[in-house]
Amino acid sequence: MNDIKPKKIKIFTKNLVVFFLLLFSVLGYSQKVTVSGNDLSRAGKEIILYSWSDEITFLKDTIATCKIHKNGDFNCAFQLNETCPVFVLLEDRSAEFFAEPGTNYKIKIPTFKEPKAGKFLNPFQEEETIYLDLLQTDKTELNNMIRRFELMYNDYVSSRFNEIYKFAKHSGVDTVIKILDTTFSYQGNQYFNEYKRYKIGMLRYFAYIRNDKYLTKEYFRNQPLLYDNPAYMSLFCQTYDNYFTYYAKTSEGRDLSMNISEQKSYQQLKKTLSKNIALDDENFKELVILKGLHDAFYSGNYKSDVLLQTIDSTILQLANPSHKKIALNIKKKITAPEKLKALKTLEFFDIDSTKHTFEQFSGKYIYVGFCNTLSFSCKEEFELAKKLPEKKEKAFEMVTIFLDDQIKTVKEYIKTNNIKWPIFLADHKLAALKELNVKVFPTYYLIGPDGNIVRSNTKTLKEGFEEFFARTFGKDQQ
(Lines give C-alpha, C1' and ligand atoms only; values in the text may rest on other atoms or scores of the structure.)
Protein backbone atom coordinates (compact mmCIF):
# COMPACT_ATOMS: atom_id res chain seq x y z
CA MET A 1 0.00 0.00 0.00
CA ASN A 2 2.85 2.38 0.77
CA ASP A 3 3.99 2.11 -2.86
CA ILE A 4 0.76 3.68 -4.18
CA LYS A 5 1.35 7.32 -4.93
CA PRO A 6 -1.26 9.98 -4.01
CA LYS A 7 -1.83 10.77 -7.72
CA LYS A 8 -2.74 7.15 -8.42
CA ILE A 9 -5.10 7.11 -5.43
CA LYS A 10 -6.76 10.27 -6.77
CA ILE A 11 -7.19 8.74 -10.24
CA PHE A 12 -8.54 5.50 -8.72
CA THR A 13 -11.04 7.46 -6.60
CA LYS A 14 -12.16 9.50 -9.60
CA ASN A 15 -12.68 6.36 -11.67
CA LEU A 16 -14.66 4.78 -8.83
CA VAL A 17 -16.96 7.83 -8.67
CA VAL A 18 -17.48 7.70 -12.45
CA PHE A 19 -18.24 3.97 -12.20
CA PHE A 20 -20.96 4.49 -9.60
CA LEU A 21 -22.43 7.43 -11.52
CA LEU A 22 -22.67 5.21 -14.59
CA LEU A 23 -24.12 2.40 -12.49
CA PHE A 24 -26.86 4.66 -11.11
CA SER A 25 -27.60 6.03 -14.57
CA VAL A 26 -28.08 2.48 -15.89
CA LEU A 27 -29.99 1.03 -12.98
CA GLY A 28 -31.93 4.19 -12.26
CA TYR A 29 -32.38 5.92 -8.93
CA SER A 30 -35.73 5.02 -7.42
CA GLN A 31 -37.67 7.90 -5.88
CA LYS A 32 -41.01 8.05 -4.09
CA VAL A 33 -44.13 9.32 -5.86
CA THR A 34 -47.42 10.04 -4.08
CA VAL A 35 -50.83 10.37 -5.71
CA SER A 36 -53.69 11.71 -3.59
CA GLY A 37 -57.16 13.12 -4.06
CA ASN A 38 -60.81 12.76 -3.18
CA ASP A 39 -63.39 10.63 -4.95
CA LEU A 40 -66.54 10.37 -2.86
CA SER A 41 -68.39 8.67 -5.72
CA ARG A 42 -66.15 5.60 -5.32
CA ALA A 43 -65.86 5.64 -1.51
CA GLY A 44 -65.03 2.23 -0.05
CA LYS A 45 -63.53 0.97 -3.31
CA GLU A 46 -59.90 0.64 -4.38
CA ILE A 47 -57.98 2.80 -6.78
CA ILE A 48 -55.36 0.92 -8.83
CA LEU A 49 -52.57 2.71 -10.63
CA TYR A 50 -51.02 1.02 -13.65
CA SER A 51 -48.11 1.64 -15.99
CA TRP A 52 -47.20 -0.10 -19.22
CA SER A 53 -44.74 -2.92 -18.68
CA ASP A 54 -43.42 -1.99 -22.11
CA GLU A 55 -44.80 -0.17 -25.14
CA ILE A 56 -44.35 -3.01 -27.63
CA THR A 57 -46.61 -5.59 -25.97
CA PHE A 58 -48.61 -3.06 -23.93
CA LEU A 59 -49.00 -5.44 -21.04
CA LYS A 60 -49.75 -3.49 -17.90
CA ASP A 61 -48.06 -3.52 -14.48
CA THR A 62 -49.83 -2.64 -11.24
CA ILE A 63 -47.67 -0.04 -9.51
CA ALA A 64 -49.92 0.95 -6.59
CA THR A 65 -53.23 0.02 -4.96
CA CYS A 66 -54.89 2.03 -2.22
CA LYS A 67 -58.26 2.25 -0.50
CA ILE A 68 -60.64 5.13 -1.03
CA HIS A 69 -61.88 6.04 2.45
CA LYS A 70 -65.48 6.73 3.42
CA ASN A 71 -64.92 10.46 3.10
CA GLY A 72 -63.50 9.94 -0.42
CA ASP A 73 -59.84 10.62 0.44
CA PHE A 74 -57.11 8.40 -0.96
CA ASN A 75 -53.33 8.43 -0.93
CA CYS A 76 -51.16 6.08 -3.03
CA ALA A 77 -47.38 5.84 -2.88
CA PHE A 78 -44.91 4.00 -5.09
CA GLN A 79 -41.28 4.08 -6.19
CA LEU A 80 -40.32 5.25 -9.67
CA ASN A 81 -37.02 5.23 -11.57
CA GLU A 82 -38.01 7.07 -14.73
CA THR A 83 -40.76 9.42 -15.84
CA CYS A 84 -43.55 7.39 -17.41
CA PRO A 85 -47.29 7.37 -18.15
CA VAL A 86 -49.45 6.18 -15.24
CA PHE A 87 -53.13 5.41 -15.66
CA VAL A 88 -56.23 4.29 -13.81
CA LEU A 89 -59.00 2.22 -15.40
CA LEU A 90 -62.46 3.69 -14.88
CA GLU A 91 -65.80 2.19 -15.99
CA ASP A 92 -65.35 2.69 -19.73
CA ARG A 93 -62.31 4.96 -19.86
CA SER A 94 -58.63 4.97 -19.14
CA ALA A 95 -57.43 8.13 -17.37
CA GLU A 96 -53.72 8.87 -17.41
CA PHE A 97 -51.01 11.33 -16.44
CA PHE A 98 -47.21 11.45 -16.62
CA ALA A 99 -45.50 10.75 -13.30
CA GLU A 100 -42.03 12.06 -12.52
CA PRO A 101 -39.85 10.47 -9.79
CA GLY A 102 -39.88 12.29 -6.46
CA THR A 103 -43.11 14.21 -7.18
CA ASN A 104 -46.37 14.52 -5.25
CA TYR A 105 -49.57 14.70 -7.28
CA LYS A 106 -53.06 15.71 -6.30
CA ILE A 107 -55.47 14.38 -8.91
CA LYS A 108 -59.14 14.81 -9.73
CA ILE A 109 -60.91 11.67 -10.97
CA PRO A 110 -64.14 11.96 -12.99
CA THR A 111 -67.23 11.16 -10.92
CA PHE A 112 -68.43 7.57 -11.11
CA LYS A 113 -71.29 7.03 -13.55
CA GLU A 114 -73.14 3.75 -13.87
CA PRO A 115 -72.72 2.49 -17.47
CA LYS A 116 -75.94 2.79 -19.42
CA ALA A 117 -77.87 -0.42 -19.89
CA GLY A 118 -76.75 -2.23 -23.02
CA LYS A 119 -73.70 -0.01 -23.55
CA PHE A 120 -71.47 -3.09 -23.65
CA LEU A 121 -73.53 -4.34 -26.56
CA ASN A 122 -72.49 -1.45 -28.78
CA PRO A 123 -70.35 -3.15 -31.46
CA PHE A 124 -68.43 0.06 -32.09
CA GLN A 125 -67.52 0.75 -28.47
CA GLU A 126 -63.94 1.91 -27.96
CA GLU A 127 -62.23 2.53 -24.65
CA GLU A 128 -61.63 6.26 -24.39
CA THR A 129 -58.37 7.61 -22.97
CA ILE A 130 -58.51 10.91 -21.12
CA TYR A 131 -56.02 12.98 -19.15
CA LEU A 132 -56.41 13.09 -15.39
CA ASP A 133 -56.79 16.60 -14.01
CA LEU A 134 -53.88 17.60 -11.78
CA LEU A 135 -54.49 20.18 -9.07
CA GLN A 136 -52.04 22.78 -7.80
CA THR A 137 -49.79 22.84 -10.88
CA ASP A 138 -48.55 25.59 -13.20
CA LYS A 139 -48.16 25.75 -16.98
CA THR A 140 -44.52 24.58 -16.88
CA GLU A 141 -45.47 21.30 -15.17
CA LEU A 142 -44.81 18.34 -17.49
CA ASN A 143 -48.43 17.23 -17.87
CA ASN A 144 -49.64 20.73 -18.62
CA MET A 145 -46.93 21.19 -21.26
CA ILE A 146 -47.76 17.88 -22.94
CA ARG A 147 -51.49 18.60 -22.97
CA ARG A 148 -51.03 22.07 -24.47
CA PHE A 149 -48.67 20.65 -27.07
CA GLU A 150 -51.07 17.78 -27.90
CA LEU A 151 -53.99 20.20 -28.23
CA MET A 152 -52.16 22.28 -30.84
CA TYR A 153 -50.58 19.24 -32.53
CA ASN A 154 -53.81 17.23 -32.80
CA ASP A 155 -55.85 20.22 -33.91
CA TYR A 156 -53.50 20.70 -36.86
CA VAL A 157 -53.14 17.02 -37.76
CA SER A 158 -56.86 16.17 -37.54
CA SER A 159 -57.92 19.15 -39.64
CA ARG A 160 -55.27 18.75 -42.35
CA PHE A 161 -54.23 15.09 -42.30
CA ASN A 162 -55.29 14.34 -45.90
CA GLU A 163 -53.55 17.46 -47.13
CA ILE A 164 -50.35 16.56 -45.22
CA TYR A 165 -50.32 13.01 -46.56
CA LYS A 166 -51.15 14.01 -50.16
CA PHE A 167 -48.97 17.08 -50.62
CA ALA A 168 -46.13 16.21 -48.18
CA LYS A 169 -43.61 19.06 -47.93
CA HIS A 170 -45.80 21.25 -50.12
CA SER A 171 -48.57 21.07 -47.52
CA GLY A 172 -46.75 23.58 -45.34
CA VAL A 173 -46.01 20.95 -42.72
CA ASP A 174 -42.45 22.24 -42.14
CA THR A 175 -43.83 25.68 -41.28
CA VAL A 176 -46.14 24.12 -38.70
CA ILE A 177 -43.27 22.05 -37.30
CA LYS A 178 -41.27 25.23 -36.85
CA ILE A 179 -44.20 26.90 -35.06
CA LEU A 180 -44.62 23.88 -32.76
CA ASP A 181 -40.90 23.80 -32.04
CA THR A 182 -40.65 27.49 -31.16
CA THR A 183 -43.98 27.75 -29.31
CA PHE A 184 -42.91 24.91 -27.01
CA SER A 185 -39.20 25.65 -26.78
CA TYR A 186 -38.93 24.54 -23.15
CA GLN A 187 -35.44 23.64 -21.99
CA GLY A 188 -36.19 22.82 -18.36
CA ASN A 189 -37.75 19.40 -18.84
CA GLN A 190 -35.77 16.84 -20.81
CA TYR A 191 -38.69 14.40 -20.96
CA PHE A 192 -40.91 17.00 -22.62
CA ASN A 193 -38.18 18.02 -25.06
CA GLU A 194 -37.79 14.38 -26.13
CA TYR A 195 -41.55 13.91 -26.28
CA LYS A 196 -41.87 16.94 -28.55
CA ARG A 197 -38.98 15.85 -30.77
CA TYR A 198 -40.43 12.41 -31.48
CA LYS A 199 -43.99 13.71 -31.95
CA ILE A 200 -42.61 16.08 -34.58
CA GLY A 201 -40.70 13.10 -36.00
CA MET A 202 -44.01 11.26 -36.36
CA LEU A 203 -45.48 14.25 -38.19
CA ARG A 204 -42.54 14.25 -40.59
CA TYR A 205 -43.01 10.51 -41.04
CA PHE A 206 -46.62 10.90 -42.11
CA ALA A 207 -45.80 13.85 -44.34
CA TYR A 208 -42.75 12.75 -46.32
CA ILE A 209 -40.23 10.51 -44.51
CA ARG A 210 -41.16 6.84 -44.64
CA ASN A 211 -37.68 5.41 -45.05
CA ASP A 212 -36.62 3.27 -42.09
CA LYS A 213 -32.89 3.83 -42.67
CA TYR A 214 -33.27 7.60 -42.80
CA LEU A 215 -35.52 7.68 -39.73
CA THR A 216 -33.08 5.45 -37.85
CA LYS A 217 -30.19 7.76 -38.68
CA GLU A 218 -32.19 10.88 -37.84
CA TYR A 219 -33.98 9.77 -34.66
CA PHE A 220 -32.60 6.51 -33.26
CA ARG A 221 -28.94 5.96 -34.13
CA ASN A 222 -26.60 6.84 -31.27
CA GLN A 223 -29.58 8.05 -29.25
CA PRO A 224 -30.78 6.84 -25.83
CA LEU A 225 -33.54 4.23 -25.91
CA LEU A 226 -36.56 5.94 -24.35
CA TYR A 227 -38.66 2.93 -23.34
CA ASP A 228 -41.06 4.99 -21.20
CA ASN A 229 -41.63 7.85 -23.62
CA PRO A 230 -44.75 7.12 -25.72
CA ALA A 231 -43.74 9.59 -28.45
CA TYR A 232 -40.39 7.80 -28.94
CA MET A 233 -41.95 4.35 -28.83
CA SER A 234 -44.79 5.32 -31.20
CA LEU A 235 -42.34 6.52 -33.83
CA PHE A 236 -40.16 3.46 -33.30
CA CYS A 237 -43.10 1.04 -33.59
CA GLN A 238 -44.37 2.85 -36.69
CA THR A 239 -40.94 2.80 -38.33
CA TYR A 240 -40.41 -0.90 -37.63
CA ASP A 241 -44.00 -2.10 -37.95
CA ASN A 242 -43.99 -5.72 -39.24
CA TYR A 243 -40.33 -5.16 -40.15
CA PHE A 244 -39.41 -8.84 -40.57
CA THR A 245 -41.94 -9.26 -43.39
CA TYR A 246 -40.39 -6.33 -45.25
CA TYR A 247 -36.74 -7.10 -44.47
CA ALA A 248 -37.02 -10.79 -45.44
CA LYS A 249 -37.80 -9.67 -49.00
CA THR A 250 -34.59 -7.65 -49.32
CA SER A 251 -31.20 -8.98 -50.43
CA GLU A 252 -29.80 -8.14 -46.98
CA GLY A 253 -32.53 -10.05 -45.16
CA ARG A 254 -32.97 -13.11 -47.37
CA ASP A 255 -31.80 -15.41 -44.51
CA LEU A 256 -34.25 -14.01 -41.95
CA SER A 257 -37.03 -16.56 -42.51
CA MET A 258 -34.50 -19.39 -42.19
CA ASN A 259 -33.14 -17.82 -38.97
CA ILE A 260 -36.59 -18.24 -37.42
CA SER A 261 -38.22 -21.20 -39.18
CA GLU A 262 -35.19 -23.53 -39.28
CA GLN A 263 -32.46 -22.22 -36.99
CA LYS A 264 -34.74 -20.64 -34.35
CA SER A 265 -31.68 -18.60 -33.42
CA TYR A 266 -31.39 -15.17 -31.88
CA GLN A 267 -27.71 -14.97 -32.85
CA GLN A 268 -28.46 -15.74 -36.49
CA LEU A 269 -31.23 -13.13 -36.49
CA LYS A 270 -28.79 -10.62 -35.10
CA LYS A 271 -26.25 -11.52 -37.77
CA THR A 272 -28.81 -11.04 -40.55
CA LEU A 273 -29.98 -7.67 -39.23
CA SER A 274 -26.37 -6.53 -38.91
CA LYS A 275 -26.25 -6.42 -42.72
CA ASN A 276 -28.40 -3.30 -42.45
CA ILE A 277 -25.73 -0.66 -41.76
CA ALA A 278 -28.33 1.57 -40.11
CA LEU A 279 -28.55 -0.99 -37.29
CA ASP A 280 -24.96 -0.77 -36.08
CA ASP A 281 -26.01 0.08 -32.51
CA GLU A 282 -26.28 -3.24 -30.63
CA ASN A 283 -28.91 -2.11 -28.13
CA PHE A 284 -31.12 -0.58 -30.79
CA LYS A 285 -30.72 -3.67 -32.99
CA GLU A 286 -31.97 -5.80 -30.10
CA LEU A 287 -35.04 -3.59 -29.78
CA VAL A 288 -35.73 -3.99 -33.51
CA ILE A 289 -35.44 -7.78 -33.15
CA LEU A 290 -37.91 -7.77 -30.25
CA LYS A 291 -40.40 -5.66 -32.18
CA GLY A 292 -39.94 -7.96 -35.17
CA LEU A 293 -40.57 -11.11 -33.14
CA HIS A 294 -43.67 -9.56 -31.58
CA ASP A 295 -45.16 -8.61 -34.95
CA ALA A 296 -44.16 -11.93 -36.54
CA PHE A 297 -46.59 -13.69 -34.24
CA TYR A 298 -49.50 -11.76 -35.80
CA SER A 299 -48.22 -11.86 -39.39
CA GLY A 300 -49.12 -15.50 -39.98
CA ASN A 301 -45.73 -16.13 -41.62
CA TYR A 302 -44.43 -18.40 -38.86
CA LYS A 303 -45.80 -21.21 -36.72
CA SER A 304 -46.33 -20.46 -33.04
CA ASP A 305 -44.02 -23.19 -31.72
CA VAL A 306 -41.20 -21.98 -34.00
CA LEU A 307 -41.58 -18.40 -32.79
CA LEU A 308 -41.68 -19.52 -29.18
CA GLN A 309 -38.41 -21.41 -29.57
CA THR A 310 -36.83 -18.34 -31.18
CA ILE A 311 -38.10 -16.13 -28.35
CA ASP A 312 -36.77 -18.60 -25.77
CA SER A 313 -33.37 -18.44 -27.51
CA THR A 314 -33.55 -14.65 -27.37
CA ILE A 315 -34.50 -14.53 -23.68
CA LEU A 316 -31.52 -16.71 -22.72
CA GLN A 317 -29.00 -14.52 -24.56
CA LEU A 318 -30.18 -11.00 -23.78
CA ALA A 319 -28.03 -9.12 -21.28
CA ASN A 320 -30.00 -5.85 -21.26
CA PRO A 321 -32.58 -6.19 -18.42
CA SER A 322 -35.09 -3.93 -20.23
CA HIS A 323 -34.88 -6.10 -23.32
CA LYS A 324 -35.13 -9.33 -21.36
CA LYS A 325 -38.30 -7.97 -19.77
CA ILE A 326 -39.79 -7.14 -23.18
CA ALA A 327 -38.88 -10.61 -24.50
CA LEU A 328 -40.55 -12.26 -21.49
CA ASN A 329 -43.61 -10.07 -22.06
CA ILE A 330 -43.78 -11.15 -25.71
CA LYS A 331 -43.73 -14.78 -24.61
CA LYS A 332 -46.38 -14.06 -21.99
CA LYS A 333 -48.55 -12.30 -24.55
CA ILE A 334 -48.19 -15.14 -27.05
CA THR A 335 -48.96 -17.87 -24.54
CA ALA A 336 -51.62 -15.63 -22.89
CA PRO A 337 -51.89 -17.46 -19.53
CA GLU A 338 -54.46 -15.04 -18.10
CA LYS A 339 -56.60 -15.23 -21.23
CA LEU A 340 -56.30 -19.02 -21.27
CA LYS A 341 -57.50 -19.17 -17.66
CA ALA A 342 -60.39 -16.86 -18.55
CA LEU A 343 -61.37 -19.05 -21.49
CA LYS A 344 -61.26 -22.23 -19.40
CA THR A 345 -63.44 -20.67 -16.70
CA LEU A 346 -65.90 -19.13 -19.14
CA GLU A 347 -69.44 -20.41 -18.64
CA PHE A 348 -71.58 -20.61 -21.76
CA PHE A 349 -74.84 -22.37 -22.63
CA ASP A 350 -76.64 -23.66 -25.70
CA ILE A 351 -80.13 -22.47 -26.59
CA ASP A 352 -81.57 -25.28 -24.45
CA SER A 353 -79.73 -23.87 -21.40
CA THR A 354 -77.27 -26.79 -21.22
CA LYS A 355 -73.87 -25.75 -19.85
CA HIS A 356 -70.77 -26.32 -22.02
CA THR A 357 -66.98 -25.89 -21.78
CA PHE A 358 -64.20 -25.74 -24.35
CA GLU A 359 -62.87 -29.10 -23.19
CA GLN A 360 -65.48 -30.84 -25.32
CA PHE A 361 -63.75 -29.48 -28.43
CA SER A 362 -60.27 -30.80 -27.56
CA GLY A 363 -58.26 -32.43 -30.32
CA LYS A 364 -59.08 -29.87 -33.02
CA TYR A 365 -58.60 -26.19 -33.79
CA ILE A 366 -61.48 -24.07 -32.49
CA TYR A 367 -62.21 -20.69 -34.08
CA VAL A 368 -64.23 -18.93 -31.35
CA GLY A 369 -66.11 -15.77 -32.22
CA PHE A 370 -67.84 -13.47 -29.72
CA CYS A 371 -70.79 -11.70 -31.32
CA ASN A 372 -74.01 -9.83 -30.70
CA THR A 373 -77.24 -9.84 -32.68
CA LEU A 374 -77.09 -6.03 -33.05
CA SER A 375 -73.72 -6.15 -34.82
CA PHE A 376 -73.78 -5.69 -38.58
CA SER A 377 -70.14 -6.86 -38.72
CA CYS A 378 -71.15 -10.18 -37.15
CA LYS A 379 -73.85 -10.64 -39.76
CA GLU A 380 -71.24 -10.08 -42.47
CA GLU A 381 -69.06 -12.74 -40.85
CA PHE A 382 -71.92 -15.24 -40.79
CA GLU A 383 -72.52 -14.80 -44.51
CA LEU A 384 -68.85 -15.57 -45.14
CA ALA A 385 -68.96 -18.53 -42.74
CA LYS A 386 -71.76 -20.13 -44.80
CA LYS A 387 -69.40 -20.22 -47.77
CA LEU A 388 -66.55 -21.94 -45.97
CA PRO A 389 -65.41 -24.97 -48.03
CA GLU A 390 -65.99 -28.29 -46.34
CA LYS A 391 -62.24 -28.93 -46.03
CA LYS A 392 -61.90 -25.76 -43.98
CA GLU A 393 -64.67 -26.91 -41.67
CA LYS A 394 -62.67 -30.09 -41.06
CA ALA A 395 -59.50 -28.11 -40.45
CA PHE A 396 -61.08 -25.99 -37.72
CA GLU A 397 -64.38 -25.89 -35.88
CA MET A 398 -66.18 -22.57 -35.91
CA VAL A 399 -67.99 -21.69 -32.69
CA THR A 400 -69.98 -18.53 -32.02
CA ILE A 401 -70.80 -17.22 -28.55
CA PHE A 402 -73.52 -14.57 -28.45
CA LEU A 403 -73.43 -11.94 -25.71
CA ASP A 404 -77.13 -11.07 -25.63
CA ASP A 405 -79.55 -10.74 -22.75
CA GLN A 406 -82.39 -12.71 -24.33
CA ILE A 407 -82.24 -16.32 -25.53
CA LYS A 408 -85.34 -15.64 -27.62
CA THR A 409 -83.52 -12.95 -29.58
CA VAL A 410 -80.64 -15.32 -30.36
CA LYS A 411 -82.99 -18.18 -31.39
CA GLU A 412 -84.77 -15.91 -33.85
CA TYR A 413 -81.43 -14.63 -35.16
CA ILE A 414 -80.11 -18.18 -35.74
CA LYS A 415 -83.25 -19.13 -37.64
CA THR A 416 -83.32 -15.94 -39.72
CA ASN A 417 -79.62 -16.16 -40.66
CA ASN A 418 -79.53 -19.95 -41.22
CA ILE A 419 -76.63 -20.54 -38.79
CA LYS A 420 -75.77 -24.23 -38.60
CA TRP A 421 -72.47 -24.31 -36.65
CA PRO A 422 -72.32 -24.52 -32.81
CA ILE A 423 -74.00 -21.51 -31.21
CA PHE A 424 -73.83 -20.61 -27.51
CA LEU A 425 -74.73 -17.77 -25.17
CA ALA A 426 -72.82 -16.14 -22.31
CA ASP A 427 -73.56 -13.37 -19.85
CA HIS A 428 -71.94 -10.21 -21.24
CA LYS A 429 -71.11 -9.09 -17.66
CA LEU A 430 -68.74 -12.01 -16.97
CA ALA A 431 -65.30 -10.99 -15.65
CA ALA A 432 -63.69 -13.53 -18.02
CA LEU A 433 -64.87 -11.49 -21.02
CA LYS A 434 -63.12 -8.42 -19.66
CA GLU A 435 -59.88 -10.40 -19.38
CA LEU A 436 -60.41 -11.66 -22.93
CA ASN A 437 -60.71 -8.03 -24.04
CA VAL A 438 -64.06 -8.54 -25.77
CA LYS A 439 -65.01 -4.94 -26.52
CA VAL A 440 -65.95 -5.00 -30.19
CA PHE A 441 -67.84 -7.49 -32.30
CA PRO A 442 -66.78 -9.82 -33.67
CA THR A 443 -63.77 -10.75 -31.48
CA TYR A 444 -62.11 -14.05 -32.36
CA TYR A 445 -59.80 -16.47 -30.56
CA LEU A 446 -58.12 -19.52 -32.09
CA ILE A 447 -57.69 -22.45 -29.69
CA GLY A 448 -55.28 -25.26 -30.57
CA PRO A 449 -55.87 -29.04 -30.38
CA ASP A 450 -54.08 -29.09 -27.00
CA GLY A 451 -56.60 -26.61 -25.54
CA ASN A 452 -54.18 -23.68 -25.47
CA ILE A 453 -54.75 -20.30 -27.13
CA VAL A 454 -52.94 -20.22 -30.46
CA ARG A 455 -53.98 -16.68 -31.44
CA SER A 456 -55.70 -14.08 -29.28
CA ASN A 457 -57.81 -11.42 -31.00
CA THR A 458 -57.06 -13.10 -34.30
CA LYS A 459 -58.20 -12.17 -37.81
CA THR A 460 -61.85 -12.15 -38.81
CA LEU A 461 -63.07 -14.07 -41.85
CA LYS A 462 -63.38 -10.74 -43.65
CA GLU A 463 -59.72 -10.01 -42.84
CA GLY A 464 -58.63 -13.31 -44.38
CA PHE A 465 -58.60 -15.82 -41.53
CA GLU A 466 -58.92 -18.79 -43.96
CA GLU A 467 -55.76 -17.86 -45.82
CA PHE A 468 -53.96 -17.08 -42.58
CA PHE A 469 -54.93 -20.44 -41.06
CA ALA A 470 -53.95 -22.42 -44.16
CA ARG A 471 -50.59 -20.66 -44.40
CA THR A 472 -49.76 -20.96 -40.71
CA PHE A 473 -51.29 -24.28 -39.70
CA GLY A 474 -51.85 -26.05 -43.00
CA LYS A 475 -48.98 -28.50 -42.38
CA ASP A 476 -50.70 -29.64 -39.19
CA GLN A 477 -53.62 -30.89 -41.25
CA GLN A 478 -51.54 -33.19 -43.48
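Note that the structure is predicted; figures quoted are calculated from it, not measured.
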Checklist line | Residues E282 and K270 bridged, charged N to O under 4.0 Å | finding: yes
Checklist line | Donor-acceptor under 3.5 Å (R221 side chain, Y214 main chain) | finding: no
Checklist line | Minimum side-chain heavy-atom gap L132-V88 below 4.5 Å | finding: yes
Item checked: Reported OH-to-CD1 distance for the pair Y367 and I447, which is rounded to 0.5 angstrom -> 12.5 Å
Notebook entry, point to check: Relative to each other, are the rings of F284 and F220 parallel, tilted or perpendicular (30° and 60° limits)?
Noted result: parallel
Notebook entry, point to check: Taking everything shown except I277 itself, do over 12 heavy atoms lie less than 6.0 Å from its CD1?
Noted result: no
Checklist line | Min side-chain heavy-atom separation I177-V173 under 4.5 Å | finding: yes
Check: Is the side chain of T183 donor-acceptor paired with the backbone N or O of L180 at a distance under 3.5 Å, no angle test?
Finding: no
Check: Can you list every pair that meets salt bridge (charged side-chain N to carboxylate O under 4.0 Å, His left out) and has a residue in residues 100-109, with sequence neighbours left out?
Finding: none
Notebook entry, point to check: With a 4.5 Å limit on heavy-atom distance, are the side chains of V35 and F78 in contact?
Noted result: yes
Notebook entry, point to check: When you measure from the side chain of N143 to the backbone N and O of I146, does any donor-acceptor pair fall under 3.5 Å?
Noted result: no
Check: Can you name the closest pair of heavy atoms from A77 and A64 and give their distance?
Finding: O-CB, 4.1 Å
Notebook entry, point to check: What pairs meet the ring-ring contact (aromatic ring centres under 6.0 Å, His included) rule with one or both residues in residues 248-279, with sequence neighbours excluded?
Noted result: none
Checklist line | Centroid-centroid distance, F465 to Y444, less than 6.0 Å | finding: no
Item checked: Nearest heavy-atom neighbours spanning L403 and N372 -> O-ND2, 3.1 Å
Check: Taking the side chain from R147 and the backbone from N144, do they hold a donor-acceptor pair closer than 3.5 Å?
Finding: no
Next item on the list: Looking only at non-hydrogen atoms, find the nearest pair between G201 and Y219 and report the distance.
Entry: CA-OH, 3.3 Å
Margin query: If the condition is ring pair (Phe, Tyr, Trp, His ring centres under 6.0 Å), which residues does F244 pass it with, not counting sequence neighbours?
Written below: none
Notebook entry, point to check: Hey, is the main chain of L273 close enough, under 3.5 Å, to the side chain of E252 for a donor-acceptor pair?
Noted result: no
Check: Got a salt bridge between E194 and R197, using NZ or NE/NH1/NH2 to carboxylate O under 4.0 Å?
Finding: no
Margin query: Going by ring-ring contact (aromatic ring centres under 6.0 Å, His included), name the pairs with one or both residues in residues 301-329, residues two or more places apart or in two chains.
Written below: Y227-H323
Check: Is the backbone N or O of I179 less than 3.5 Å from a side-chain atom of T182, with the two atoms forming a donor-acceptor pair by type?
Finding: yes
Margin query: Could you report the tightest heavy-atom contact between D212 and Y240, atom names first, then the distance?
Written below: O-OH, 4.0 Å
Note to self: Suppose the criterion is salt bridge (charged side-chain N to carboxylate O under 4.0 Å, His left out): which pairs have a residue in residues 239-251, not counting sequence neighbours?
What the structure shows: none
Next item on the list: Before giving the answer on side chain to side chain contact (heavy atoms under 4.5 Å, CB included), spell out for Y105 and V86 the whole-Å C-alpha distance, their side-chain angles and the decisive distance to 0.1 Å.
Entry: CA-CA 12 Å; Y105 295 97; V86 171; over 6 Å; no
Check: So, the side chain of R210 versus the backbone of F206: is there a donor-acceptor pair under 3.5 Å, distance only?
Finding: yes
Next item on the list: Please tell me if the side chains of P449 and Y365 come closer than 4.5 Å, counting only heavy atoms from C-beta onward.
Entry: yes
Checklist line | Pairs where residues 316-327 contributes a residue and the test salt bridge (charged side-chain N to carboxylate O under 4.0 Å, His left out) is met, not counting sequence neighbours | finding: D61-K325
Check: Does C66 have any disulfide bond (SG atoms under 2.5 Å apart) partners at least two apart in sequence or in another chain, and if so, which?
Finding: C76
Next item on the list: Please check if the side chain of T272 supplies one atom and the backbone of Q268 the other of a donor-acceptor pair under 3.5 Å.
Entry: yes
Next item on the list: Output every pair passing side-chain hydrogen bond (donor to acceptor under 3.5 Å, both in side chains) with a member in residues 327-341, not counting sequence neighbours, ordered by first then second residue.
Entry: S53-N329, D54-N329, H294-K333, D312-K331, K332-E338
Note to self: Let's go through I315 and L318 carefully: what are the C-alpha distance in whole Å and the side-chain angles of both, what is the deciding distance for side chain to side chain contact (heavy atoms under 4.5 Å, CB included) to 0.1 Å, and is it a yes or a no?
What the structure shows: CA-CA 6 Å; I315 291 169; L318 288 173; 5.6 Å; no
Item checked: Shortest non-hydrogen contact between S274 and K285, atoms and distance -> OG-NZ, 2.6 Å
Next item on the list: Considering only NZ, NE, NH1 and NH2 on the basic side and carboxylate oxygens on the acidic side, decide whether K199 and E150 come within less than 4.0 Å.
Entry: yes
Note to self: Taking the side chain as everything from C-beta on, heavy atoms only, tell me whether R455 gets closer than 4.5 Å to F297.
What the structure shows: yes
Next item on the list: For the pair K60 and I48, evaluate side chain to side chain contact (heavy atoms under 4.5 Å, CB included) and give the outcome as yes or no after the intermediate values.
Entry: CA-CA 12 Å; K60 60 180 184 287; I48 305 174; over 6 Å; no
Note to self: Does the plane of the ring in Y131 sit parallel, tilted or perpendicular to the ring in F98? Use 30° and 60° as the thresholds.
What the structure shows: tilted
Item checked: D181 CG to D174 CG distance, which is reported to the nearest 0.5 Å -> 11.5 Å
Item checked: Point-to-point distance, once rounded to the nearest 0.5 Å, from CG of D255 to CD1 of I260 -> 12.0 Å
Next item on the list: Name all residues meeting the ring pair (Phe, Tyr, Trp, His ring centres under 6.0 Å) criterion together with Y153; count only those two or more places apart in sequence or in a different chain, and write none if there are none.
Entry: F149
Item checked: CG on N457 to CG on L446, rounded to 0.5 Å -> 12.0 Å
Checklist line | Spatial distance of atom CG (L215) from atom OG1 (T239) [nearest 0.5 Å] | finding: 4.5 Å
Next item on the list: Using ring pair (Phe, Tyr, Trp, His ring centres under 6.0 Å) as the criterion, list what pairs up with F87, not counting sequence neighbours.
Entry: Y50, W52
Next item on the list: Without swapping roles, check the side chain of T310 against the backbone of V306 for a donor-acceptor pair under 3.5 Å.
Entry: yes
Note to self: To check you understand the geometry: which heavy-atom pair defines the closest contact between Q263 and N259, and what is its length?
What the structure shows: OE1-ND2, 2.7 Å
Checklist line | M398 vs L461 side-chain heavy atoms within contact, under 4.5 Å | finding: yes
Check: Residues two or more places apart in sequence or in another chain: which of them pass disulfide bond (SG atoms under 2.5 Å apart) with C84?
Finding: none
Checklist line | Ring geometry between F192 and Y195 (parallel below 30°, tilted from 30 to 60°, perpendicular above 60°) | finding: parallel
Item checked: Straight-line distance of I56 CD1 to I326 CD1, nearest 0.5 Å -> 4.5 Å
Next item on the list: Please identify each residue that fulfils ring pair (Phe, Tyr, Trp, His ring centres under 6.0 Å) with Y247, with sequence neighbours left out.
Entry: Y243
Notebook entry, point to check: Would S299 and N242 count as having a side-chain donor-acceptor pair, cut-off 3.5 Å?
Noted result: no
